[in-house]
*Asks:* 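Attaching a single structure in structure tokens format; questions to follow.
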2 protein chains.
Amino acid sequence: MTEADPTHAPLFEHPAFLLGQLGFHTAGRFADLLAPIGIGPRHFGMLRLLRDHDGQSQQQLSEMLGIHRNVMVGLVDDLEKRELVERRKHPTDRRAHAVYLLPAAHEMLARAYEAVDGLEAELLASFDERDIATLLGLLQRLATANGLRRGIHPGLTSERISPPPCG
Amino acid sequence: MTEADPTHAPLFEHPAFLLGQLGFHTAGRFADLLAPIGIGPRHFGMLRLLRDHDGQSQQQLSEMLGIHRNVMVGLVDDLEKRELVERRKHPTDRRAHAVYLLPAAHEMLARAYEAVDGLEAELLASFDERDIATLLGLLQRLATANGLRRGIHPGLTSERISPPPCG
DNA sequence: TATTGTTATACTCTATAACTATA
DNA sequence: TATAGTTATAGAGTATAACAATA
């Protein structure tokens with residue numbers, strides 16, 4: 001099953017393909033590692049945001065996460081059911097809810113960060129310090145040059161990034 | 001909005017996060033570039049596979065693409081409607097269909113490869129030859145070390161890779 | 001009139017199971 | 001009994017529009 005391509009290199013020779021493949025794999029593994037503690041990547045992102053932006057309205061939070069406010073409703077519902085966040089009255093706008101972290105969230109965040117560390121270690125197991133530094137620098141340049149917002153990833157599902165296949 | 005993290009580096013410092021972010025972006029852009037010619041990433045993968053494995057059964061093809069045989073039905077349906085492939089009688093197994101490329105598929109493949117080139121150029125616009133070579137080497141090592149199958153990407157949807165958000 | 005949170009709807013994609021015709 | 005292709009069903013996810021309360 002060697003790839004014989006008359007005009008183009010095999011996909012293994014394309015950085016774009018490898019990025020897509022590795023990104024999908026990474027997102028899936030992240031969801032896998034988060035699953036045992038009972039949250040998904042989107043919940044992690046929300047808790048992480050709240051640690052620095054406690055007490056904001058759902059509207060504000062959804063803009064910062066790059067998601068629609070309708071989706072935010074379900075996200076806050078989930079986290080409220082697990083007693084990780086709380087909806088309180090907004091101090092200045094009676095239409096809005098102010099969302100606050102509850103104490104349990106900090107322990108949850110600590111455990112989620114362990115998952116992040118585990119993922120990073122697993123992914124980069126075969127790399128030494130220098131390889132990692134080189135890779136990080138290149139990926140940061142790519143992300144910046146292609147207009148990706150820092151720390152905002154509109155591609156992480158609750159469980160899996162989702163879809164089907166391709167070769 | 002500077003990231004102040006007591007215990008962990010901002011996500012921008014995590015190769016795993018950047019891979020997920022860049023992978024999602026890349027997959028989405030690929031779908032965008034393919035859309036004008038009327039196919040999705042999964043169709044491209046199928047046509048590409050058929051060029052080297054013409055006349056195989058749907059079962060065999062779905063195994064090679066890493067997808068379920070039920071999904072293959074719709075994929076072949078799509079391609080048959082566009083007269084890019086054809087179902088014929090399998091020479092040895094009367095239960096199976098043998099799938100063959102039609103002439104129009106070769107032109108479609110050529111145009112799809114232009115999209116691949118365009119994506120690659122867009123993504124790596126700020127990189128010189130040496131950067132690209134370094135990146136490619138690192139990504140290939142990562143893909144291999146993490147057990148990813150060459151040229152098989154079970155994460156490309158018909159239109160978009162799909163999901164919601166995270167920070 | 002616009003905005004916040006919410007709900008309802010439709011649409012896409014997936015995963016499972018079941019059916020048929022063959023093997 | 002198992003397999004190839006197909007179809008049906010239910011589930012998850014998203015996007016859009018609409019609604020009540022408030023600005």
*Asks:* Considering only side-chain heavy atoms of B:His97, which listed nucleotide, C:dG5, D:dT6, D:dA4, is closest?
*Replies:* D:dT6

*Asks:* Specify the separation, in whole Å, of atom CD1 of B:Ile67 and atom P of C:dC13.
*Replies:* 13 Å

*Asks:* Strictly below 4.0 Å, heavy-atom distances to any atom of DNA chain D: list the hits from residues 79-95 of chain B, or just say none.
*Replies:* B:Arg87, B:Arg95

*Asks:* Over how many whole Å does the gap from B:Gln59 atom CD to C:dT22 atom P extend?
*Replies:* 17 Å

*Asks:* May I ask you to verify if any side-chain N or O of A:Gln60 is less than 4.0 angstrom from the OP1 or OP2 atom of C:dT4?
*Replies:* no

*Asks:* Please list, chain by chain and in numerical order, all residues satisfying salt bridge (Lys or Arg N to Asp or Glu O under 4.0 Å) with A:Asp77, sequence neighbours excluded.
*Replies:* A:Arg87

*Asks:* With A:Arg69, which residues qualify under side chain to side chain contact (heavy atoms under 4.5 Å, CB included), at least two apart?
*Replies:* A:Gln59, A:Ser62

*Asks:* Roughly, in whole Å, what's the span from CG in A:Leu75 to C1' in C:dT7?
*Replies:* 17 Å

*Asks:* Kindly write out the residues that satisfy side chain to side chain donor-acceptor pair (under 3.5 Å) with B:His68, not counting sequence neighbours, or none if the list is empty.
*Replies:* B:Asn70

*Asks:* Roughly, in whole Å, what's the span from NE2 in A:His68 to C1' in D:dA18?
*Replies:* 12 Å

*Asks:* For residues 128-140 of chain A, which residue pairs pass the side-chain hydrogen bond (donor to acceptor under 3.5 Å, both in side chains) check, not counting sequence neighbours?
*Replies:* A:Asp131-B:Arg141, A:Gln140-B:Glu13

*Asks:* Can you name the residues that form a side chain to side chain donor-acceptor pair (under 3.5 Å) with A:Glu114, not counting sequence neighbours?
*Replies:* none

*Asks:* Figure out the CZ/P separation between B:Arg69 and C:dA21, and round it to whole Å.
*Replies:* 16 Å

*Asks:* Check whether B:Arg82 reaches the backbone of B:Gly38 with its side chain - one donor and one acceptor, N or O, closer than 3.5 Å.
*Replies:* yes

*Asks:* In whole angstrom, give the distance that lies between atom CD of A:Gln58 and atom C1' of C:dT3.
*Replies:* 13 Å

*Asks:* Rounded off to whole Å, could you give me the CG-to-C1' distance for the A:Leu61 and C:dG5 pair?
*Replies:* 13 Å

*Asks:* Expressed in angstrom and rounded to an integer, what is the separation of B:Met64 atom CE from D:dA4 atom P?
*Replies:* 13 Å

*Asks:* Can a donor-acceptor pair be found, under 3.5 Å and without considering hydrogens, that links the side chain of A:Gln21 to the backbone of B:Arg149?
*Replies:* yes

*Asks:* Restricting to side chain to side chain contact (heavy atoms under 4.5 Å, CB included), what partner residues turn up for A:Arg111, sequence neighbours left out?
*Replies:* A:Ile37, A:Glu107

*Asks:* Heavy-atom nearest nucleotide on DNA chain C for A:Ala96 versus A:Asp77: which residue maps closer to 5'?
*Replies:* A:Ala96

*Asks:* Could you work out, with side chain to side chain contact (heavy atoms under 4.5 Å, CB included) as the rule, every residue matching A:Asp54, not counting sequence neighbours?
*Replies:* A:Leu50, A:Tyr100, A:Leu101

*Asks:* What nitrogen or oxygen pairs link the protein and nucleotides 8-10 of chain C at under 3.5 Å?
*Replies:*
none

